[in-house]
Amino acid sequence: MAKIIDGKVVSQFVKDGVKKEVEALREKGVSVGLAVIIVGDDPASRTYVNNKKKACEAVGIISEEYALPEQTTMEELLSLIDRLNHKKSINGILCQLPLPKHLDEKLVIENIAPEKDVDAFHAINTGHIMIGDYSFLPCTPAGIMEMLKYYDIETCGKNAVVIGRSNIVGKPMAMLLLQKDATVTVCHSKTANLKEITERADILVAAVGKEKFVTADMVKEGAVVIDVGMNRNSEGKLCGDVDFSQVEKKASYITPVPGGVGPMTIATLMKNTLTAAKQQNAKRIF
Ligand code: NAP
């Protein structure tokens with residue numbers, strides 16, 4: 001039976017560290033601020049934004065919410081981002097995705113100052129990740145690496161398989177595993193013979209967005225299984241991409257949903273905002 005990787009415990013560990021550093025900065029006269037932009041009234045986005053605000057409060061980061069109506073124009077959104085880029089008390093800017101269809105997400109991301117891009121979605125930050133020289137890492141993959149480290153899970157020389165190639169999860173996940181010396185395979189919807197690939201994985205990361213996509217027959221005995229998926233089942237309950245009750249019998253470690261990767265994403269956001277504040281105030285701190 002697999003050992004559960006408890007995202008609540010690891011995220012608390014990360015947040016405790018952030019809180020201490022935020023307090024130390026405050027004693028030096030430096031406050032840490034995060035601007036959270038939400039456009040429209042998508043209920044899932046609202047929940048994510050509320051959770052991020054709560055986490056800020058818990059670690060002493062000042063959060064400012066900018067809730068814009070659904071019909072906000074690109075010009076209005078970019079003008080807000082420009083204002084926040086120049087606002088001294090704001091160290092990190094997060095624009096909750098997805099945006100309403102008429103808004104260009106790529107352009108929004110490109111307009112956030114890279115040094116305040118605490119989601120690490122800007123092409124400059126993505127480029128830094130490629131060359132292994134970065135300030136921020138995308139919150140979900142970085143949170144997963146933190147969990148592996150906390151549980152002393154070896155990545156060096158392991159076969160890691162990532163299912164999913166999105167810019168925010170799959171691709172950066174593969175890059176971080178590669179940087180930690182895993183041999184990485186990235187799978188996607190056009191991958192042939194997926195099962196043959198996944199059953200060789202020592203570390204299997206599922207970031208697909210489909211309930212019970214990863215079944216026990218796809219998993220190697222003793223594999224570490226990381227479930228990034230956040231789906232709703234037919235009863236409206238939150239569930240991941242992995243058939244948890246069957247796969248946990250075969251894996252050595254497994255993340256549950258909820259309580260696995262999700263809390264780590266928010267904890268990493270707090271860490272990134274702290275990093276941004278330290279960099280922007282480097283002259284005042286040292
Ligand atoms: P996405 O952009 O929709 O990407 C999904 C990926 O899955 C794509 O690369 C797609 O391949 C691949 N895929 C779809 N069907 C497949 C199949 N039959 N076989 C193999 N690969 C297949 O999603 P995302 O943003 O990466 O998110 C993935 C999941 O993670 C979602 O459930 C999301 O809600 C969740 N998520 C959770 C957190 C968290 O904090 N826990 C954070 C972010 C996302 P193609 O590229 O070929 O289409």
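For ligands, and for the atoms within them, numbers begin at 1 and follow the listed sequence.
Around the NZ atom of Lys212, the shell of radius 6.0 Å holds no more than 12 heavy atoms that belong to other residues, nucleotides or ligands. Counted within 6.0 Å of NZ on Lys52, heavy atoms from surrounding residues, nucleotides or ligands total more than 12; the atom is thus considered enclosed.
Side-chain contact between His122 and Thr126: absent, with no pair of heavy atoms (C-beta onward) separated by less than 4.5 Å.
Salt bridge annotation for Glu76-Arg83: absent, with no cationic side-chain nitrogen under 4.0 angstrom from a carboxylate oxygen. For the pair Glu110 and Lys106, the salt-bridge criterion is met [side-chain N within less than 4.0 Å of a carboxylate O].
Applying the side-chain contact (heavy atoms from CB on, under 4.5 Å) test to Ala44 and every residue at least two apart in sequence or in another chain returns Asp42, Tyr48.
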Between the protein and ligand 1, which nitrogen or oxygen pairs come in under 3.5 Å, and how far apart is each?
from     : atom 1 : to     : atom 2 : distance (Å)
ligand 1 : 9 (O)  : Arg165 : N      : 2.8
ligand 1 : 11 (O) : Ser189 : N      : 3.1
ligand 1 : 15 (N) : Lys210 : NZ     : 3.0
ligand 1 : 21 (N) : His188 : O      : 3.4
ligand 1 : 21 (N) : Ser189 : N      : 3.3
ligand 1 : 26 (O) : Ser166 : OG     : 2.5
ligand 1 : 30 (O) : Val228 : O      : 3.4
ligand 1 : 32 (O) : Met230 : N      : 3.0
ligand 1 : 32 (O) : Asn231 : OD1    : 3.3
ligand 1 : 40 (O) : Thr265 : OG1    : 2.7
ligand 1 : 41 (N) : Val228 : O      : 3.4
ligand 1 : 46 (O) : Arg165 : NE     : 2.8
ligand 1 : 47 (O) : Arg165 : NE     : 3.4
ligand 1 : 47 (O) : Arg165 : NH2    : 2.9
ligand 1 : 47 (O) : Ser189 : N      : 3.1
ligand 1 : 47 (O) : Ser189 : OG     : 2.5

